[in-house]
Novice: 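I'd like to ask some things about the structure below.
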Amino acid sequence: MLPFGELLVELAGLVPERAGSLAEGVALHVSSLHLTLPIESRIGPAGELSASLPRGRLATGFDPPLTAVTLRFEVEQ
């Protein structure tokens with residue numbers, strides 16, 4: 001698990017700003033993106049929030065309950 005702020009920075013680094021190839025004449029420019037992702041979260045003894053993406057798709061009775069985070073990424077010009 002990561003501190004919640006570090007998880008947000010890591011997720012922001014995964015968002016592509018461009019996709020496709022200009023040589024092929026196909027390009028996609030992403031100006032904003034809305035995501036709702038499941039996360040595993042835990043509050044530590046000092047009150048810090050740690051979170052991570054779920055480890056797998058199969059839920060078991062031993063896993064902590066999932067919560068969700070909604071993110072909005074937007075390119076500023």
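Here the structure is a predicted model, which means the values were calculated and not measured.
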Novice: Would you name the heavy atoms of P54 and P38 that are closest together and state the gap between them?
Specialist: CD-O, 3.2 Å
Novice: Is there a chain of hydrophobic side chains (I, L, V, M, F, W, Y, each step under 4.5 Å between heavy atoms) that links V9 to L14?
Specialist: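 V9 does not cluster with L14.
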Novice: With rounding to the nearest 0.5 angstrom, report the CG to OG1 distance, L37 to T70.
Specialist: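 If we round to the nearest 0.5 Å, L37:CG and T70:OG1 are 8.0 Å apart.
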Novice: Nearest 0.5 Å, what's the OG-CG distance between S50 and L2?
Specialist: 8.0 Å
Novice: Hey, what do you get for CG (L33) to CD (E74), rounding to the nearest 0.5 Å?
Specialist: 10.5 Å
Novice: How about L66 and E40: do any of their side-chain heavy atoms sit closer than 4.5 Å?
Specialist: yes
Novice: Mind checking whether L7 and M1 sit in one hydrophobic cluster, side chains of I, L, V, M, F, W, Y counted as touching below 4.5 Å?
Specialist: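 No, because L7 and M1 fall into different hydrophobic clusters, even though each may have its own neighbours under 4.5 Å.
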Novice: Find the distance between CD1 (I39) and CG (L11) and round it off to the nearest 0.5 Å.
Specialist: 9.0 Å
